[in-house]
Amino acid sequence: MADMKAGLIGCGFFAVNQMHAWQDVDGASVVAICDRDPERLRIVGDQFGIERRYADAGEMLASEKLDFVDVATTVGSHRALVELAAAHKLPVICQKPFAPTLEDAKAMVEACKAAGVPLMIHENFRWQSPIQAVKAAIDTGAIGTPFFGRISFRSAYDVFSGQPYLAKGKRFIIEDLGIHILDIARFLLGDVTTLTARTRRVNPAIAGEDVATMLLDHQSGATSVVDCSYATKLAVEPFPETLVEIDGDKGTIRLDQGFQLTVTGEAGSSTTDVSPPLLPWASRPWHNIQESVLTIQQHWVDCLRSGRDPDTSGADNLKTFALVEAAYLGAASGQPVAVADLL
Ligand code: NAD
Ligand code: 89V
């Protein structure tokens with residue numbers, strides 16, 4: 001089967017990972033790229049040998065014969081670009097965070113539904129192999145029924161050097177990073193009924209919150225704590241590892257720093273190294289994230305080929321994005337937020 005042809009919009013910091021991954025994906029390749037910044041267009045075009053380059057996304061979609069679009073711009077342009085793809089009846093991947101508001105995100109899902117095209121949010125953290133290993137361990141039944149989880153991301157890594165816009169937004173850690181960790185909580189323990197949140201800003205040089213602590217009630221009856229911080233200096237910097245604790249009625253799972261997975265059940269305890277592979281184009285410490293970019297992009301192509309919905313479809317990701325909104329609402333009011341009221 002011939003490769004599907006993709007057009008990538010947004011040639012910035014993270015798109016380089018997506019371009020590397022598209023080179024490795026079986027069944028699709030990027031044939032045209034777009035960025036309104038000529039320098040980024042040149043850098044990425046030259047690095048990946050893409051001759052068909054556009055400053056305007058509308059022009060690219062009108063001129064090229066594409067099978068899907070990959071939107072890798074920052075959040076402010078997501079709605080317009082996804083709606084543009086839908087208007088051209090093109091399946092579309094959109095980077096997280098889904099949109100500036102839940103209303104925008106809902107409109108994007110509707111636009112793609114009305115056009116009859118799939119929409120996937122590039123929510124890649126659940127695709128990291130250590131997180132997949134935790135899910136697989138839960139699914140074996142070795143720990144019984146989970147009743148508690150802690151999904152934790154604490155770091156003092158300087159994310160602002162690669163992504164300077166992160167220092168400027170009124171919303172920071174929940175919208176940019178917490179969104180991934182909340183999605184992992186949903187992936188491991190199921191959908192959420194109520195969320196309670198507390199936030200603070202420790203770093204005086206940024207505009208948004210850099211610490212968030214969230215308590216989640218899951219539909220299953222399990223309770224989890226999702227805690228995120230970019231103000232936590234540790235002896236060994238864990239960025240960008242997500243640490244996981246799951247307690248079940250028959251045992252426990254721990255994903256500890258250094259990608260060590262310990263499962264303790266009725267038969268005893270065993271620890272496995274679940275380190276992600278270092279792909280040829282990847283670099284530490286980002287390799288954990290980079291591997292998941294390849295996995296989610298391959299998942300998208302496999303879903304397009306088989307006609308199934310991607311796991312992080314727009315409709316699914318509304319439920320993760322609602323947790324982000326609930327966290328900001330709950331942090332502002334000090335009150336628990338019923339997630340269903342937002343959807
Ligand atoms: P960036 O600012 O480095 O790159 C964005 C690029 O998009 C810029 O080059 C900009 O000129 C271009 N652009 C913006 N609007 C455009 C438009 N309408 N048409 C054409 N080009 C346009 O940002 P980044 O750090 O690469 O982040 C991009 C997205 O990726 C963000 O949504 C971010 O949250 C997300 N991200 C995801 C992960 C992950 O693991 N999933 C990691 C980092 C960043
Ligand atoms: O994954 C992300 O969205 C990145 C980072 C890990 C730095 O938060 O922005």
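Ligands are counted one by one from 1 in listed order, and the atoms in each one are counted from 1 as well. Everything numeric here is computed off the predicted structure, so don't read it as measured data.
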Got the closest protein heavy atom to [atom], with its distance?
| atom | answer |
| --- | --- |
| atom 4 (O) of ligand 1 | G12 CA, 3.2 Å |
| atom 19 (N) of ligand 1 | I9 CG2, 4.0 Å |
| atom 25 (O) of ligand 1 | Y165 OH, 2.7 Å |
| atom 26 (O) of ligand 1 | F14 N, 2.8 Å |
| atom 13 (N) of ligand 1 | T73 CG2, 3.6 Å |
| atom 6 (C) of ligand 1 | D35 OD2, 3.6 Å |
| atom 34 (O) of ligand 1 | K96 NZ, 2.9 Å |
| atom 36 (N) of ligand 1 | Q95 OE1, 3.9 Å |

Within a distance under 4.0 Å of any heavy atom of [X], pick out the atoms of ligand 2 and give their elements.
| X | value |
| --- | --- |
| D176 | 3 (O), 4 (C), 5 (C), 8 (O), 9 (O) |
| Q163 | 4 (C), 7 (C), 9 (O) |
| K96 | 2 (C), 3 (O) |
| F125 | 1 (O) |

Item to check | Remaining members of hydrophobic cluster (4.5 Å side-chain criterion), L243 | outcome: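 Via sub-4.5 Å side-chain contacts, L243 links to none.
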Under 4.0 Å from ligand 1, counting heavy atoms only, is it the side chain of [X], its backbone, both or neither?
| X | value |
| --- | --- |
| S292 | neither |
| H78 | side chain |
| N124 | side chain |

Checklist entry - Hey, does A57 sit under 4.0 Å from ligand 1 if you only count heavy atoms? => result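 No.
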Checklist entry - Would you say H180 touches ligand 1, if touching means a heavy atom closer than 4.0 Å? => result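 The answer is yes, since H180 has a heavy atom less than 4.0 Å from ligand 1.
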Could you tell me whether [X] atom [atom1] has more than 12 heavy atoms of other residues or ligands within 6.0 Å of it?
| X | atom1 | value |
| --- | --- | --- |
| R52 | CZ | no |
| R308 | CZ | yes |
| K135 | NZ | yes |

N/O separation below 3.5 Å, [X] to ligand 1:
| X | answer |
| --- | --- |
| W286 | no |
| R36 | yes |
| A55 | no |

Should you measure from each heavy atom of [X], which atoms of ligand 1 turn up under 4.0 Å away?
| X | answer |
| --- | --- |
| P97 | 32 (O), 34 (O) |
| D37 | 11 (O) |
| D176 | 34 (O) |
| I289 | 40 (O) |
| Q163 | 25 (O), 43 (C), 44 (C) |

Next on the checklist: Measuring from non-hydrogen atoms of Y157 to any atom of ligand 2, is the shortest distance under 4.0 Å?
Outcome noted: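 No; Y157 lies far enough from ligand 2 that no heavy-atom distance drops under 4.0 Å.
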Looking at [X] and [Y], does any basic side-chain N land under 4.0 Å from a carboxylate oxygen?
| X | Y | answer |
| --- | --- | --- |
| K319 | D183 | no |
| R53 | D46 | yes |
| R171 | E325 | yes |

Checklist entry - What do the steps show when you test Y328 against E209 for side-chain hydrogen bond (donor to acceptor under 3.5 Å, both in side chains), and what is the final call? => result CA-CA 10 Å; Y328 284 113; E209 83 291 348; 2.6 Å; yes
How does [X] reach ligand 2, if at all, at less than 4.0 Å between non-hydrogen atoms: by side chain, backbone, both, or neither?
| X | value |
| --- | --- |
| F14 | neither |
| Y230 | side chain |
| V159 | side chain |

Item to check | Between NE2 on residue H88 and CG on residue L66, distance to nearest 0.5 Å | outcome: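 Going from NE2 on H88 over to CG on L66, the span is 9.5 Å.
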Checklist entry - Rounded to the nearest 0.5 Å, how far does CZ of R201 lie from CG of D210? => result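 Between atom CG of D210 and atom CZ of R201 there are 8.0 Å.
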Checklist entry - Which is it for W22 and F48 under the ring pair (Phe, Tyr, Trp, His ring centres under 6.0 Å) test, yes or no, and what are the steps along the way? => result CA-CA 10 Å; W22 284 125; F48 294 94; over 10 Å; no
Check whether the side chains of [X] and [Y] place a donor and an acceptor atom closer than 3.5 Å, and report yes or no.
| X | Y | answer |
| --- | --- | --- |
| W281 | D24 | yes |
| S313 | D316 | no |
| S129 | E291 | yes |
| Q128 | N288 | yes |

Checklist entry - For the side-chain contact (heavy atoms from CB on, under 4.5 Å) test, which of V92, T73, V69 pairs with L81? => result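 Among V92, T73, V69, the one meeting side-chain contact (heavy atoms from CB on, under 4.5 Å) with L81 is T73.
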